[in-house]
Number of protein chains: 2
Amino acid sequence: MSATFSVLSEPAFSMRRAVPAKASWMSASAAEKIPAGVASGGQLLHVAPDAELYSDGAESVSFYKVVSGLVRTCKFRSDGRRQIDAFYLPGDAFGFEDGGRHRLSAEAVCEAYVVAYRWRGSEAMSPADAALAPQLLSLALQGMRRAQDHALLLGRRSASQKVAAFLTDMIDRSVNDDVVELAMSRQDIADYLGLTIETVSRTLSQLERDEMIALPSARRVRVQDRLGLRHLSS
Amino acid sequence: MSATFSVLSEPAFSMRRAVPAKASWMSASAAEKIPAGVASGGQLLHVAPDAELYSDGAESVSFYKVVSGLVRTCKFRSDGRRQIDAFYLPGDAFGFEDGGRHRLSAEAVCEAYVVAYRWRGSEAMSPADAALAPQLLSLALQGMRRAQDHALLLGRRSASQKVAAFLTDMIDRSVNDDVVELAMSRQDIADYLGLTIETVSRTLSQLERDEMIALPSARRVRVQDRLGLRHLSS
DNA sequence: CGCTAAATTGATCCTCGTCAACACCCGTGG
DNA sequence: CCACGGGTGTTGACGAGGATCAATTTAGCG
């Protein structure tokens with residue numbers, strides 16, 4: 001895994017891994033893609049595919065917002081297995097946690113740009129930061145909602161229900177209506193749903209046979225029976 | 001299910017269910033058990049066993065803090081199955097969500113006292129409320145952490161790992177060191193872990209045979225090999 | 001055009017869900 | 001005091017769904 005990410009504004013950023021930071025400066029057009037943020041003073045970062053933005057246990061100095069690409073947060077178990085906590089699409093914020101340390105790793109699924117906002121947790125908030133608290137609160141509540149939905153998704157559901165719910169969620173979150181371009185691999189999906197790659201693959205094939213979806217290519221899903229899919233995930 | 005809960009301070013509280021509010025006034029000693037809260041103006045409520053504090057979809061007018069007893073938040077699926085999102089012990093806060101509506105039901109597992117704090121979400125915060133934002137933020141981050149841990153617990157783990165993790169969590173959260181008094185039924189545990197009551201029961205029996213725990217009674221667990229248990233839940 | 005990683009498909013095993021019977025705990029009432 | 005009854009928990013037998021191991025196909029990329 002060639003883990004690299006580069007700071008595109010200020011260079012003073014704590015890197016956990018000794019990795020050569022590739023100098024790749026953003027274009028003006030990329031800068032314009034930054035969504036109207038919580039704070040104005042964000043720092044734009046480029047993260048290479050599979051590169052680690054921060055790791056489990058690392059000191060938490062910022063939270064982040066995705067500008068482009070896809071980010072996953074995950075946990076690595078002692079048995080070597082990986083569990084993915086969430087996928088973050090452009091516009092989504094992640095990485096704000098209390099306690100001074102991250103409790104998950106964050107990695108780019110594919111090449112991504114993220115904005116980092118300096119923030120060290122609700123305990124260490126300056127009076128100036130306090131003004132942002134309501135907006136951070138909104139983000140935290142959103143994050144809690146997402147985590148709760150994920151827990152509900154994982155609790156006692158069949159493989160087909162899980163995959164259908166995953167696809168439904170991806171459709172809802174993507175701009176396009178009926179075709180989803182999955183940036184993540186089958187392994188990523190499996191680790192997110194608590195399944196194996198084989199089961200994910202089999203389930204997708206079955207959904208295709210049932211004519212609920214079409215798979216023009218492995219990572220491209222065309223939804224043909226949106227209602228049926230939504231009903232399956234119940 | 002005889003769903004009843006009664007407001008012990010002000011009577012103006014929105015009840016979703018047409019239920020006879022039993023007049024049961026708190027004792028002075030119960031009042032003293034209220035933990036130092038986020039806000040001072042909380043309203044003490046009594047909730048009878050299995051009574052619903054609020055239901056999925058209900059308008060969200062308050063968040064809550066457990067004074068005594070045990071509260072569960074849960075979701076009911078269309079197939080009739082129930083999933084428990086979380087258990088809340090004395091001192092834990094719950095029920096703060098954005099969007100104006102609750103997305104889970106809250107019920108008392110056993111007789112409980114909770115304090116309700118008027119709050120309608122981060123969108124509808126008065127300047128006075130804004131002062132509380134940092135503390136609410138801390139609570140929300142705690143809630144997010146809890147939900148994430150729950151999702152990680154449910155993702156691809158064996159029944160014994162799940163049960164061990166559940167017991168470990170209950171030990172960590174209870175005051176007593178090695179004996180846990182479980183207020184919840186096997187069904188509650190099963191719905192929390194995404195298992196069946198039979199599997200929960202079998203797993204507990206197995207843990208007892210392995211001498212990691214002892215079960216002096218069905219709801220009382222004595223932990224004999226705390227390290228082994230913790231290692232199992234990994 | 002090959003090389004490699006990713007994805008699919010197949011065969012088999014095992015965990016856990018399901019159905020069923022039974023034990024236990026308590027409160028009620030004879 | 002014990003019989004009865006219902007709720008809760010335990011245990012057993014069996015089967016289905018998904019994990020595992022293995023082989024093959026497809027896609028991506030030099």
Side-chain angles (χ1 to χ4, degrees), chain A residues 1-2 48-50 70 72 77 79-83 109-111 153-167 180-210 213-221 232, chain B residues 1-2 49-50 77 79-83 109-110 153-167 180-210 213-221 232:
Chain A
M1 174 164 42
S2 69
D50 282 326
L70 183 67
R72 63 176 174 245
R77 324 209 126 285
D79 62 2
R81 276 178 185 159
R82 182 186 66 169
Q83 272 183 267
V109 174
C110 59
E111 183 183 52
L153 172 61
L154 293 175
R156 206 109 104 64
R157 297 169 90 110
S158 68
S160 53
Q161 285 179 316
K162 286 180 179 179
V163 172
F166 169 74
L167 289 177
V180 191
E181 188 73 38
L182 300 174
M184 68 286 281
S185 68
R186 294 288 187 268
Q187 187 66 62
D188 286 327
I189 300 172
D191 290 347
Y192 178 70
L193 297 178
L195 299 170
T196 58
I197 42 173
E198 292 95 332
T199 300
V200 171
S201 182
R202 266 186 261 271
T203 306
L204 285 170
S205 300
Q206 186 58 49
L207 289 176
E208 188 174 31
R209 251 171 272 134
D210 297 344
I213 61 170
L215 293 164
S217 79
R219 304 245 181 146
R220 179 166 295 141
V221 182
L232 221 185
Chain B
M1 176 166 39
S2 70
D50 282 326
R77 324 209 126 285
D79 62 3
R81 275 178 186 160
R82 181 185 67 169
Q83 272 183 266
V109 173
C110 58
L153 172 63
L154 293 175
R156 204 111 103 63
R157 299 170 89 112
S158 67
S160 54
Q161 285 179 317
K162 285 180 179 178
V163 172
F166 169 73
L167 290 177
V180 192
E181 189 72 38
L182 299 174
M184 66 287 278
S185 68
R186 295 287 187 270
Q187 187 66 63
D188 286 327
I189 300 173
D191 290 347
Y192 178 71
L193 297 178
L195 298 170
T196 58
I197 41 174
E198 293 94 332
T199 300
V200 170
S201 182
R202 264 187 262 272
T203 305
L204 285 170
S205 300
Q206 186 59 50
L207 289 176
E208 189 175 29
R209 251 172 271 133
D210 297 345
I213 62 170
L215 292 165
S217 80
R219 303 251 180 141
R220 180 166 295 141
V221 182
L232 221 185

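These numbers come from a predicted model, not from an experiment. Here is how names work: the chains are called A, B, and so on, in the same order as the sequence lines, proteins then strands, and each is numbered from 1.
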Calculate the interatomic distance between [X] atom [atom1] and [N] atom [atom2]; express it in whole Å.
| X | N | atom1 | atom2 | value |
| --- | --- | --- | --- | --- |
| Gln206(A) | dA7(C) | CD | C1' | 17 Å |
| Leu207(B) | dG9(D) | CG | P | 17 Å |
| Leu204(B) | dG9(D) | CG | C1' | 10 Å |
| Arg186(A) | dA5(C) | CZ | C1' | 14 Å |
| Ile189(B) | dG9(D) | CD1 | C1' | 11 Å |
| Leu182(B) | dT8(D) | CG | C1' | 14 Å |
| Lys162(B) | dT15(C) | NZ | P | 15 Å |
| Asp191(B) | dG17(C) | CG | C1' | 14 Å |

[Y] side chain reached by [X] side chain, heavy atoms, under 4.5 Å:
| X | Y | result |
| --- | --- | --- |
| Arg72(A) | Asp50(A) | yes |
| Thr196(A) | Arg156(B) | yes |
| Leu207(B) | Leu232(B) | yes |
| Asp188(A) | Arg82(A) | yes |
| Cys110(B) | Met184(B) | no |
| Leu204(B) | Leu167(B) | yes |

Item checked: Nucleotide-resolved protein contact map, nucleotides 18-30 of chain D, B/S/- at heavy-atom distance under 4.0 Å -> SSBBB--------
Nucleotide N/O of nucleotides 23-27 of chain C paired with protein N/O under 3.5 Å:
none

Notebook entry, point to check: Looking only at atom types and distance, does a side-chain atom of Arg186(B) sit under 3.5 Å from a main-chain N or O of Ala218(B), one as donor and one as acceptor?
Noted result: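 Confirmed, Arg186(B) side chain pairs with Ala218(B) backbone.
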Notebook entry, point to check: Side chains of Gln83(B) and Arg77(B): donor-acceptor distance under 3.5 Å anywhere?
Noted result: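 There is such a pair (donor and acceptor under 3.5 Å, judged by atom type) between the side chains of Gln83(B) and Arg77(B).
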Item checked: With Ile189(A), the side chain to side chain contact (heavy atoms under 4.5 Å, CB included) member among Val200(A), Leu195(A), Ile197(A) -> Val200(A)
Check: Should Ser201(B) be listed as having a side-chain N or O under 4.0 Å from OP1 or OP2 of dT11(D)?
Finding: no
